[in-house]
Amino acid sequence: MKGKIIVISAPSGCGKSTIINEIMKRGNVDLRFSVSATSRQPRQGEIDGVHYHFLTEEEFRKRIDEGMFVEYEEVYPGRFYGTPVSEIEQTVNQGHNVVLDIDVKGGVNVARRFGNQATTIFIMPPSVDELRRRLENRGTDSPEMIDQRVGKAEYEISFASGYDHVVVNDNLETAVIQTEKIIADFACQ
Ligand code: ADP
Ligand code: 5GP
């Protein structure tokens, strides 16, 4: 049987990576992470091929032309992100579930393309002020980048009603348990 596709989206800084990493660490559900490609610079500690496939903008555009992405978006001006076809196909064909950490437009596209093989989860911040605090505490982005990410949050939140599930990440443990349950329930449907 083919694996399922789980799309997780949220405004940047909301805690998606933290939640996904925690669920994978606990290992209660069969889940593989789809490593996206991006033309942005690696953050400190990010490893090529693990967190992202880091490409130049030129390499990224070449792969678009070669049809190597299921979907891609210019999430921020000049910074491209895309889901390689291979990341999904290999995993689901081997019967494993795959989780995609992608933006709201990418999420809509994947849901449309894969129908009921996919489910979508939106991680909601308790407030936009709290989102800013988390980005500041994370300490990985410049003040300008933080403004850009927070500025986009309200637009992204407007997509939440189109997602199959919404999880508020106020208390991290609660959010992890809720997200894990949604995935476990969907995986055995
Ligand atoms: P995203 O992947 O959505 O951009 P991260 O997972 O990197 O966000 O989380 C952003 C920051 O917020 C990190 O420093 C993380 O430790 C912190 N964080 C995540 N969830 C919570 C929470 N429930 N309460 C407080 N801080 C959180
Ligand atoms: P970050 O720079 O914080 O890692 O990611 C910025 C945004 O890009 C996040 O909303 C993240 O979900 C999104 N993103 C990451 N990979 C992909 C992808 O493959 N496709 C799309 N559409 N968005 C992605």
Side-chain angles (χ1 to χ4, degrees), residues 5-25 33-55 60 63-64 68-88 91 98-114 118 120-142 144-146 148-160 163 167-179:
I5 298 164
I6 294 100
V7 171
I8 301 195
S9 303
S12 178
C14 200
K16 319 185 264 326
S17 313
T18 308
I19 292 171
I20 293 170
N21 289 340
E22 191 55 36
I23 292 172
M24 295 186 70
K25 199 170 87 189
F33 183 68
S34 163
V35 181
S36 293
T38 183
S39 67
R40 83 151 161 74
Q41 293 294 312
R43 292 184 189 126
Q44 199 171 10
E46 284 185 330
I47 300 164
D48 188 31
V50 175
H51 299 95
Y52 281 106
H53 300 287
F54 292 101
L55 306 176
F60 199 103
R63 293 192 191 193
I64 295 172
M68 291 180 76
F69 295 119
V70 173
E71 61 75 38
Y72 69 91
E73 296 292 335
E74 188 175 0
V75 178
Y76 302 104
R79 295 203 295 281
F80 291 84
Y81 296 78
T83 307
V85 176
S86 56
E87 291 285 330
I88 295 192
T91 310
V98 63
V99 61
L100 276 59
D101 168 349
I102 63 177
D103 88 314
V104 287
K105 284 201 205 155
V108 170
N109 289 334
V110 169
R112 197 177 293 142
R113 175 159 171 175
F114 290 95
T120 53
I121 306 173
F122 191 90
I123 308 290
M124 185 74 88
S127 67
V128 175
D129 286 346
E130 172 62 14
L131 186 66
R132 179 180 287 279
R133 269 193 293 279
R134 286 186 192 171
L135 283 169
E136 286 169 352
N137 289 341
R138 189 170 72 183
T140 54
D141 294 287
S142 65
E144 296 74 34
M145 199 90 91
I146 290 178
Q148 197 179 38
R149 287 173 187 268
V150 173
K152 208 172 170 192
E154 281 181 7
Y155 164 77
E156 292 167 320
I157 289 170
S158 72
F159 282 74
Y163 275 63
V167 172
V168 178
N169 180 18
D170 189 356
N171 176 281
L172 179 61
E173 178 62 18
T174 307
V176 168
I177 289 172
Q178 286 176 351
T179 308

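Note that ligands are numbered from 1 as they come in the structure, with each ligand's atoms numbered from 1 the same way. What you see is a predicted model, and the numbers here were worked out from it, not measured in a lab.
- Shortest contact from atom 11 (C) of ligand 2 to any protein heavy atom: Asp101 OD1, 3.5 Å.
- By the salt bridge (Lys or Arg N to Asp or Glu O under 4.0 Å) test, Glu46 is found to be paired with Arg40, Arg43, residues two or more places apart in sequence or in another chain being considered.
- For the ligand labelled ligand 2, residue Gly82 lies inside the 4.0 Å heavy-atom shell.
- Considering backbone and side-chain atoms together, Thr83 places an N or O closer than 3.5 Å to an N or O of ligand 2.
- Looking at heavy atoms from C-beta onward, Val7 lies in side-chain contact with Ser9 at the 4.5 angstrom threshold.
- Checked against a 3.5 angstrom limit, the closest N/O atoms of Glu46 and ligand 2 fall outside it.
- Residues Pro11 and Phe122 have side chains in contact (heavy-atom distance under 4.5 Å, counting atoms from C-beta outward).
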Residue pair Asn169, Arg134: steps toward the side chain to side chain contact (heavy atoms under 4.5 Å, CB included) verdict: CA-CA 12 Å; Asn169 180 18; Arg134 286 186 192 171; 3.4 Å; yes
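- A 6.0 Å sphere centred on CD of Glu173 holds more than 12 heavy atoms belonging to other residues, nucleotides or ligands.
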Give a table of atom pairs where an N or O of ligand 1 lies under 3.5 Å from a protein N or O.
| from | atom 1 | to | atom 2 | distance (Å) |
| --- | --- | --- | --- | --- |
| ligand 1 | 2 (O) | Ser17 | N | 2.9 |
| ligand 1 | 2 (O) | Ser17 | OG | 2.5 |
| ligand 1 | 3 (O) | Gly13 | N | 3.4 |
| ligand 1 | 3 (O) | Cys14 | N | 3.3 |
| ligand 1 | 3 (O) | Gly15 | N | 3.0 |
| ligand 1 | 3 (O) | Lys16 | N | 2.9 |
| ligand 1 | 3 (O) | Lys16 | NZ | 3.3 |
| ligand 1 | 4 (O) | Gly13 | N | 2.7 |
| ligand 1 | 4 (O) | Arg138 | NH1 | 3.0 |
| ligand 1 | 6 (O) | Ser17 | N | 3.4 |
| ligand 1 | 6 (O) | Thr18 | N | 2.9 |
| ligand 1 | 6 (O) | Thr18 | OG1 | 2.5 |
| ligand 1 | 7 (O) | Arg138 | NH1 | 2.8 |
| ligand 1 | 8 (O) | Gly15 | N | 3.1 |
| ligand 1 | 20 (N) | Asn169 | ND2 | 3.0 |
| ligand 1 | 23 (N) | Asn169 | OD1 | 2.8 |
| ligand 1 | 23 (N) | Asp170 | O | 2.9 |
| ligand 1 | 23 (N) | Leu172 | N | 3.4 |
| ligand 1 | 24 (N) | Arg134 | NH2 | 3.3 |

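- Protein heavy atom nearest atom 20 (N) of ligand 2, with residue, atom name and distance: Glu71 OE2, 2.7 Å.
- For Arg79, no heavy-atom contact with ligand 2 is shorter than 4.0 Å.
- Gln148 has its side chain within reach of Arg79: a pair of non-hydrogen atoms, C-beta onward, lies under 4.5 Å apart.
- Against a heavy-atom cut-off of under 4.0 Å, Arg40 is close to the following atoms of ligand 2: 1 (P), 2 (O), 4 (O).
- Between the Lys152 side chain and the Val75 main chain, a donor and an acceptor come within less than 3.5 Å of each other.
- Side-chain contact annotation: Tyr72 with Thr83, donor-acceptor N/O pair under 3.5 Å absent.
- In this structure the side chain of Leu100 reaches within 4.5 angstrom of the side chain of Ile88, judged on heavy atoms.
- What sits closest to atom 5 (O) of ligand 2 on the protein, heavy atoms only, is Tyr52 OH, 3.3 Å.
- In terms of polar-atom proximity, defined here as any N/O pair under 3.5 Å, Arg149 does make such a contact with ligand 2.
- Rounding to the nearest 0.5 angstrom, the gap separating the CD1 atom in Ile64 from the CZ atom in Phe69 is 6.0 Å.
- Side-chain contact between Met68 and Val85 is absent, with no heavy-atom pair separated by less than 4.5 Å.
- Residue Ser12 approaches ligand 2 through these ligand atoms, each under 4.0 Å from one of its heavy atoms: 3 (O).
- The protein heavy-atom contact nearest to atom 9 (C) of ligand 2 is Lys16 NZ, 3.9 Å.
- Counting the atoms of ligand 2 from 1 in the order shown, those under 4.0 Å from a heavy atom of Gly106 are 22 (N).
- Look at Lys105 and you'll find every heavy atom at least 4.0 Å from all atoms of ligand 2.
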Candidate pair Glu130 and Arg133, rule salt bridge (Lys or Arg N to Asp or Glu O under 4.0 Å), full reasoning: CA-CA 5 Å; Glu130 172 62 14; Arg133 269 193 293 279; 3.1 Å; yes
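- A 6.0 Å sphere centred on NZ of Lys105 holds no more than 12 heavy atoms belonging to other residues, nucleotides or ligands.
- Taking a 4.0 Å cut-off on heavy atoms, His51 fails to register as neighbouring ligand 2.
- Of the protein's heavy atoms, Ser36 OG, 2.7 Å lies nearest to atom 19 (O) of ligand 2.
- Closest to atom 7 (C) of ligand 2, if we only count protein heavy atoms, is Val75 CG1, 3.9 Å.
- Among all protein heavy atoms, the one lying closest to atom 22 (N) of ligand 2 is Asp103 OD1, 2.7 Å.
- With respect to Phe60, the ring pair (Phe, Tyr, Trp, His ring centres under 6.0 Å) criterion is satisfied by exactly one of Phe80, Tyr52, Phe54: Phe80.
- With hydrogens and angles disregarded, a donor-acceptor distance shorter than 3.5 Å links the side chain of Glu87 to the backbone of Val35.
- Set against the non-hydrogen atoms of Glu73, the atoms of ligand 2 under 4.0 Å away are 22 (N).
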